[in-house]
Amino acid sequence: MFYFAFQLLTSFIICSCFLAYPILAKYQKNDSVTLWVNKVGPYVNPQETYSYYSLPYCRPGDGYHKQGGLGEVLGGNALIDSRIDIKFKRDVEKRSICELKLDASKIARFKYAIDNSYWFEFFMDDLPIWGFVGEVHPRGVGDNKHVVYTHKMIQIQYNRDQIISVNLSQAIPKPLEEGRTLDMTYSLKWFPTNISYEQRFNVYLNNYFFENQIHWFSVINSIMMVVFLVGLVSMILMRTLRNDYAKYAREIDDMETLERDVIEESGWKLVHGDVFRPPQNLALLSAVVGTGAQLATLVLLVILSAYFGKMYMRRGAIITTFIVCYALTSFISGYVSGGLYSRNAGESWMKSMVLTASLFPFLCFGIGFIINTIAIYYGSIAAIPLGTIIVVFVIWAFISFPLSLLGTVAGRNWSGTPDNPCRVKNIPRPIPEKKWYLRPSVISLVGGLLPFASIFIEMYYIFASFWTYMVHYYVYGFLLLVFIVLIIVTVCVTIVGTYYLLNAENYHWQWTSFFSAASTALYVYLYAIYYYHAKTSMSGLLQTSFYFGYTLMFCLGVGILCGAVGYLGSNLFIRRIFGNIKCD
């Protein structure tokens, strides 16, 4: 346990410090400031992005490609130096970038971009800048209704030697006419400000959207649900344990008392000889429970790191931190899986070990491979380069995989000794037929409703941030509360479901408790389908594959996480109630 705590603390320190704050850039007067061009794409399809120079803008011959970090590349960024001459605190009235001569091919590409509301993204000093390529001019006639903006006015605020904000506006729209030469120009204006460097990103945060009454009400509603469920579980525990402990504490002195106790014994007490029987597919159950324990720890670490580190201020910081923390917390998955597999007398522990280390990463890789293939076909910069794939694989192979193997060995040796309160009988007890609502499948489907209800409002904000432009998710305090609520609600609901399952004299609680909590992911995916059709205007194979592919990956993680939490909670509950009765 000491090593486990040390591993958790070390992971948190590394994750919270890793890329926590942006690199402070300071300038002297007349120092060069780089304007990086990044990507363009349809406004309604956030992940359908292409290189900025996929449109026929003037491209500098020696444009430098910025070497981004792991998370930046995975986030679909490809920054190129625009080579626009910008000096710190030096205004520019109007200066030419280049002259662009239009031909039929260039006009067709510009028109396609304008018809599909293409936007572009620049960066200056790690601050994002957005704008549209052009518009359909309302006064245009015929082919001249499409206009492209030829002048970019950049207004920059600075505080002493640091850039605080950058604002872009566009002017001088010109119609697209074959043979016409467009003079692409820009202007710069510098303004002093008293805003501190630490607060410069506040202008990009939508306080009205995130910190409204509905958001607060949803959190309060979730907390009230927790209070109700904790009270319900406490009532079940108090009622059952008080009555049953009193009965089993009596001395059985005569046959009359013994016969009465036999007659009164019913429900969950009858399965004490089978409740700790090893489940089917033990290696798979151990793998998903171990992976879920790791994911629960991982999510907590990332939320805390993002909350204290303000990682929304850096491109790709969340993704990089997620990958690094996943690798560092792999010991937890192996430890939990190895201990669970060994306590249930598993024999093929090598199979369990490899399955734990590779199940979730390979599922994500399979989904990502399909998405990446489609992105490569479309020529999108959202496609992950081969070099980045190799880097991720190396992190898994040389950090995550060995730590998982080490955790499995430690789990087998430190927590793998069987300690079941009741002895497992040689002959399995037959399970009687019960009403339809006490079947494991029904309990599993119903079990995910309340956990989903506790998070679905937050799901809206998360989806809106991830699948919408220019909305940065930053309310990690809300997310931390919702995550804690989800864990508590999941444990309580699963305990209640397990209690009713055992009362029905069904001792196959292991997979039922897992799926009862994991079904939360099913409702999240159904909500994602609703969100796609009702809240977005996404279209096309590329964007649709990104949306449903990454959502499937997210839901797999949610399902495994919740399933593991539900199983572990039910396991503690069962050990508690059966540990206080006299087993045969």
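The structure presented is a predicted model; accordingly, all values stated were derived computationally and were not measured. Quick note: numbers below take in every heavy atom, side chains included, and nothing from hydrogens, waters or symmetry partners.
- In Y500, the OH atom is not crowded: 12 or fewer heavy atoms of neighbouring residues, nucleotides or ligands sit closer than 6.0 Å.
- Ring planes of F362 and F365: tilted class, angle from 30 to 60°.
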Check against side chain to side chain contact (heavy atoms under 4.5 Å, CB included), L301 and T329: CA-CA 10 Å; L301 289 175; T329 56; 3.6 Å; yes
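- L479 has its side chain within reach of I462: a pair of non-hydrogen atoms, C-beta onward, lies under 4.5 Å apart.
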I would like to know whether W349 and Y341 meet ring-ring contact (aromatic ring centres under 6.0 Å, His included); could you show each step before the answer? CA-CA 7 Å; W349 68 274; Y341 191 74; 8.9 Å; no
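- The side-chain heavy atoms of L340 and Y567, taken from C-beta on, include a pair separated by under 4.5 Å.
- Rounding to the nearest 0.5 Å places CG of L282 at 10.0 Å from CD of E347.
- C325 SG to Q294 CD: the interatomic distance, rounded to the nearest 0.5 Å, is 10.5 Å.
- Using a 4.5 Å heavy-atom cutoff, the side chains of L568 and F573 are not in contact.
- Using a 30° and 60° split on the angle between ring planes, Y527 and F463 fall in the perpendicular class, above 60°.
- Residues S380 and L542 approach most closely at CB-CD2, 4.0 Å, considering heavy atoms.
- Closest approach of L284 and L355 over heavy atoms only: CA-CD2, 3.7 Å.
- Checking side-chain atoms of Y547 against main-chain N and O of A528 turns up a donor-acceptor pair under 3.5 Å.
- For the atom pair N571 CG and R576 CZ, the distance stands at 14.0 Å (nearest 0.5 Å).
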Go through the steps for T544 and Y532 under the test side chain to side chain contact (heavy atoms under 4.5 Å, CB included), then give the verdict. CA-CA 9 Å; T544 302; Y532 176 85; 2.9 Å; yes
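- Judged by distance alone, with hydrogens and angles left aside, the side-chain atoms of S513 form a donor-acceptor pair with the main-chain N or O of Q510 at under 3.5 Å.
- Side-chain atoms of S404 and S330 include no donor-acceptor pair closer than 3.5 Å.
- If you check the side chains of Q543 and E48, you find no donor sitting under 3.5 Å from an acceptor.
- Here the closest heavy-atom approach between residue I560 and residue V288 is recorded as CG2-O, 3.3 Å.
- Looking at heavy atoms from C-beta onward, L522 lies in side-chain contact with L445 at the 4.5 angstrom threshold.
- A pairwise comparison of heavy atoms in T356 and S333 identifies CG2-O, 3.6 Å as the closest pair.
- When all heavy atoms of A382 and Q47 are compared, the closest pair comes out as CB-O, 3.8 Å.
- Between F452 and Y523, the ring planes are tilted. Angles from 30° to 60° get that label.
- No more than 12 heavy atoms of other residues, nucleotides or ligands lie within 6.0 Å of OH in Y307, so this atom counts as exposed by the packing criterion.
- I318 has its side chain within reach of Y476: a pair of non-hydrogen atoms, C-beta onward, lies under 4.5 Å apart.
- For the atom pair SG (C562) and CD1 (I487), the distance works out to 6.5 Å, reported to the nearest 0.5 Å.
- R277 places no side-chain N or O within 3.5 Å of a backbone atom of V424 that could act as its donor or acceptor partner.
- A heavy-atom distance below 4.5 Å is found between the side chains of L405 and F401.
- Side-chain contact between V524 and I455: present, with at least one pair of heavy atoms (C-beta onward) separated by less than 4.5 Å.
- Of the N and O atoms on the side chains of N420 and R575, at least one donor lies less than 3.5 Å from an acceptor on the other residue.
- Judged by distance alone, with hydrogens and angles left aside, the side-chain atoms of T498 form a donor-acceptor pair with the main-chain N or O of T494 at under 3.5 Å.
- If you take CG on N413 and OG1 on T408, they are separated by 11.0 Å, rounding to the nearest 0.5 Å.
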How far apart are the C-alpha atoms of R429 and E505, what are their side-chain angles, what is the distance that settles it, and do they pass the side chain to side chain contact (heavy atoms under 4.5 Å, CB included) test? CA-CA 9 Å; R429 176 186 176 85; E505 301 177 21; 3.2 Å; yes
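- Rounding to the nearest 0.5 Å gives a distance of 6.5 Å between CG of L300 and CG of L480.
- Aromatic ring pairs are classed by plane angle as parallel below 30°, tilted from 30° to 60° and perpendicular above 60°; the pair F466 and Y550 is perpendicular.
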Might you work through the side chain to side chain contact (heavy atoms under 4.5 Å, CB included) test for I332 and L298, ending with a clear yes or no? CA-CA 10 Å; I332 297 174; L298 170 66; over 6 Å; no
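- For the pair I323/L70, a side-chain contact is recorded, criterion being any heavy-atom separation below 4.5 Å from C-beta on.
- Closest non-hydrogen pair, F483 versus A296, comes out as CZ-O, 3.6 Å.
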